[in-house]
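Down below is the structure, laid out as structure tokens.
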Number of protein chains: 2
Amino acid sequence: MLSKKTKYGIKALTYICSHESDGAIPIAIISEAENISHKFLETILLTLKKGGILSSKKGKGGGYYLLKDPKEVFMSDIIRLLSGPIAMVPCVSLNFYEKCDDCPDEETCGINRLMLEVRDSTLKVLKQKSLAQLTMESSK
Amino acid sequence: MLSKKTKYGIKALTYICSHESDGAIPIAIISEAENISHKFLETILLTLKKGGILSSKKGKGGGYYLLKDPKEVFMSDIIRLLSGPIAMVPCVSLNFYEKCDDCPDEETCGINRLMLEVRDSTLKVLKQKSLAQLTMESSK
DNA sequence: ATTAACCCTATCGACTTGATGGGGAATGGC
DNA sequence: GCCATTCCCCATCAAGTCGATAGGGTTAAT
């Protein structure tokens with residue numbers, strides 16, 4: 001299941017994206033518009049900043065703004081930053097690989113192969129949808 | 001992430017499947033062979049029984065056995081029983097649908113549409129892999 | 001009757017999630 | 001130089017989930 005954190009993150013990003021012309025947008029504005037706890041949103045935007053998607057300006061007139069072209073920000077990037085691995089088992093994760101503690105041999109593990117297929121098909125969807133696209137769809 | 005519960009469930013099923021000719025198989029045998037806590041496995045097998053995949057025989061010489069043809073047991077069935085919905089948001093779940101509390105309108109929700117695509121592609125993979133197939137692959 | 005095995009309920013510690021509070025540090029306006 | 005504004009960081013909390021365990025009850029074959 002998609003965590004609220006990730007959902008909030010996506011919503012905040014689409015908000016920022018569709019108000020890009022306004023310059024930097026303060027947390028308070030987004031949190032009110034999207035009904036997200038101010039403090040919780042803070043940690044989310046911070047993560048997105050550390051992940052290189054957003055940047056911020058402090059002080060009066062400050063706020064968050066997109067650092068990358070929204071056409072180049074993909075759902076897979078956002079979800080990885082906020083929820084971690086996309087794969088359902090660590091042993092097929094591209095960005096967070098880890099050996100399964102129980103499985104002795106990945107080569108002969110049926111679950112491994114199955115989940116590899118699942119990961120590929122999921123990733124295919126998530127990598128082709130950009131923030132720009134999602135924002136456009138949502139504003140209709 | 002795939003829970004241990006589900007992973008154990010799949011492993012237990014493949015074990016039962018590949019030892020089908022032996023008749024009913026006791027929990028203790030499976031738990032030892034697959035290194036799964038006896039008691040935990042108990043609840044898992046019980047769930048699979050309630051789900052109509054397994055059946056059991058009590059008393060001496062008893063144990064669990066497949067109720068359905070392993071060619072007709074799909075990964076999607078097993079995962080649904082043990083982990084719940086396959087969809088990443090309740091509002092696109094086929095078997096566990098629920099309206100999202102925050103989202104006012106599913107029609108204009110970009111997340112909804114995205115996750116619908118993800119669900120479809122995931123399901124396509126999980127529905128075409130049967131227990132029989134997985135068991136064969138694992139035994140190599 | 002005894003025993004092997006399934007079945008059910010309850011509990012526990014560890015971890016995660018979502019939310020909150022209290023301060024700091026930087027920036028811009030005056 | 002001061003002050004309001006805003007981002008930043010830390011610590012904590014309640015609720016829920018996960019994996020595991022314990023104890024006892026029920027069924028059925030020998």
Side-chain angles (χ1 to χ4, degrees), chain A residues 1-12 16 22-32 34-51 53-67 79 81-85 88-90 96 100-102, chain B residues 1-12 16 22-32 34-51 53-67 79 81-85 88-90 96 100-102:
Chain A
M1 280 281 160
L2 204 66
S3 64
K4 285 201 177 188
K5 190 172 175 180
T6 307
K7 213 170 173 183
Y8 289 167
I10 296 175
K11 286 191 171 189
I16 294 173
D22 302 2
I25 300 167
I27 296 175
I29 301 291
I30 306 170
S31 89
E32 204 189 337
E34 299 289 340
N35 263 297
I36 304 170
S37 144
H38 181 106
K39 283 298 203 173
F40 193 27
L41 184 56
E42 218 174 82
T43 69
I44 295 168
L45 296 182
L46 216 32
T47 306
L48 292 170
K49 183 186 173 179
K50 281 176 188 160
I53 294 176
L54 291 175
S55 191
S56 64
K57 234 175 71 178
K58 288 185 185 175
K60 195 172 184 177
Y64 284 90
Y65 56 93
L66 280 170
L67 193 59
I79 293 179
L81 274 174
L82 295 174
S83 321
M88 295 184 77
V89 279
F96 302 83
C100 287
D101 45 351
D102 44 355
Chain B
M1 277 283 160
L2 204 65
S3 64
K4 285 200 176 189
K5 189 172 175 180
T6 307
K7 212 170 174 184
Y8 289 167
I10 296 174
K11 285 191 172 189
I16 294 173
D22 302 3
I25 300 167
I27 296 174
I29 301 292
I30 306 170
S31 89
E32 204 189 338
E34 298 289 340
N35 263 297
I36 305 169
S37 145
H38 181 105
K39 283 298 203 174
F40 193 27
L41 184 56
E42 219 173 81
T43 71
I44 295 167
L45 296 182
L46 217 31
T47 306
L48 292 170
K49 184 186 173 180
K50 282 178 188 159
I53 294 176
L54 290 176
S55 191
S56 63
K57 234 174 71 177
K58 287 186 185 176
K60 195 170 183 179
Y64 285 89
Y65 57 92
L66 280 169
L67 193 59
I79 293 178
L81 274 175
L82 295 174
S83 321
M88 294 184 78
V89 279
F96 303 83
C100 286
D101 46 349
D102 43 354

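Quick note on labels: first sequence line is chain A, next is B, and so on, each numbered from 1.
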Might you work through the salt bridge (charged side-chain N to carboxylate O under 4.0 Å, His left out) test for B:Asp102 and A:Lys11, ending with a clear yes or no?
-> CA-CA 11 Å; B:Asp102 43 354; A:Lys11 286 191 171 189; 3.5 Å; yes
Taking atom [atom2] of [N] as reference, at what distance in whole Å does atom [atom1] of [X] sit?
X: B:Leu41; N: C:dC6; atom1: CG; atom2: P; result: 9 Å
X: A:Leu46; N: C:dA25; atom1: CG; atom2: P; result: 16 Å
X: A:Tyr64; N: C:dT27; atom1: OH; atom2: P; result: 14 Å
X: A:Ile44; N: D:dC8; atom1: CD1; atom2: C1'; result: 15 Å
X: B:Lys49; N: C:dC7; atom1: NZ; atom2: C1'; result: 8 Å
X: A:Leu54; N: D:dT6; atom1: CG; atom2: C1'; result: 15 Å
X: B:Asp101; N: C:dG18; atom1: CG; atom2: C1'; result: 12 Å

Between [X] and [Y], which heavy-atom pair has the shortest distance, and what is it?
X: A:Tyr65; Y: A:Ile16; value: CA-CG2, 4.3 Å
X: B:Gly9; Y: B:Ile44; value: CA-CG2, 3.7 Å
X: B:Cys100; Y: A:Lys7; value: SG-NZ, 3.2 Å
X: A:Gly84; Y: A:Phe96; value: C-CE1, 3.8 Å
X: B:Lys49; Y: B:Ser55; value: CG-CA, 4.3 Å

Is any side-chain N or O of A:Ser56 closer than 4.0 Å to OP1 or OP2 of D:dC8?
-> yes
Starting at the 5' end of nucleotides 15-30 of chain D, put B wherever the base has a protein heavy atom under 4.0 Å, S where only the sugar-phosphate does, and a dash everywhere else.
-> ----SSBBBB--BBS-
Just call it for B:Ile27: base, sugar-phosphate, or nothing, with non-hydrogen atoms closer than 4.0 Å on any strand.
-> sugar-phosphate
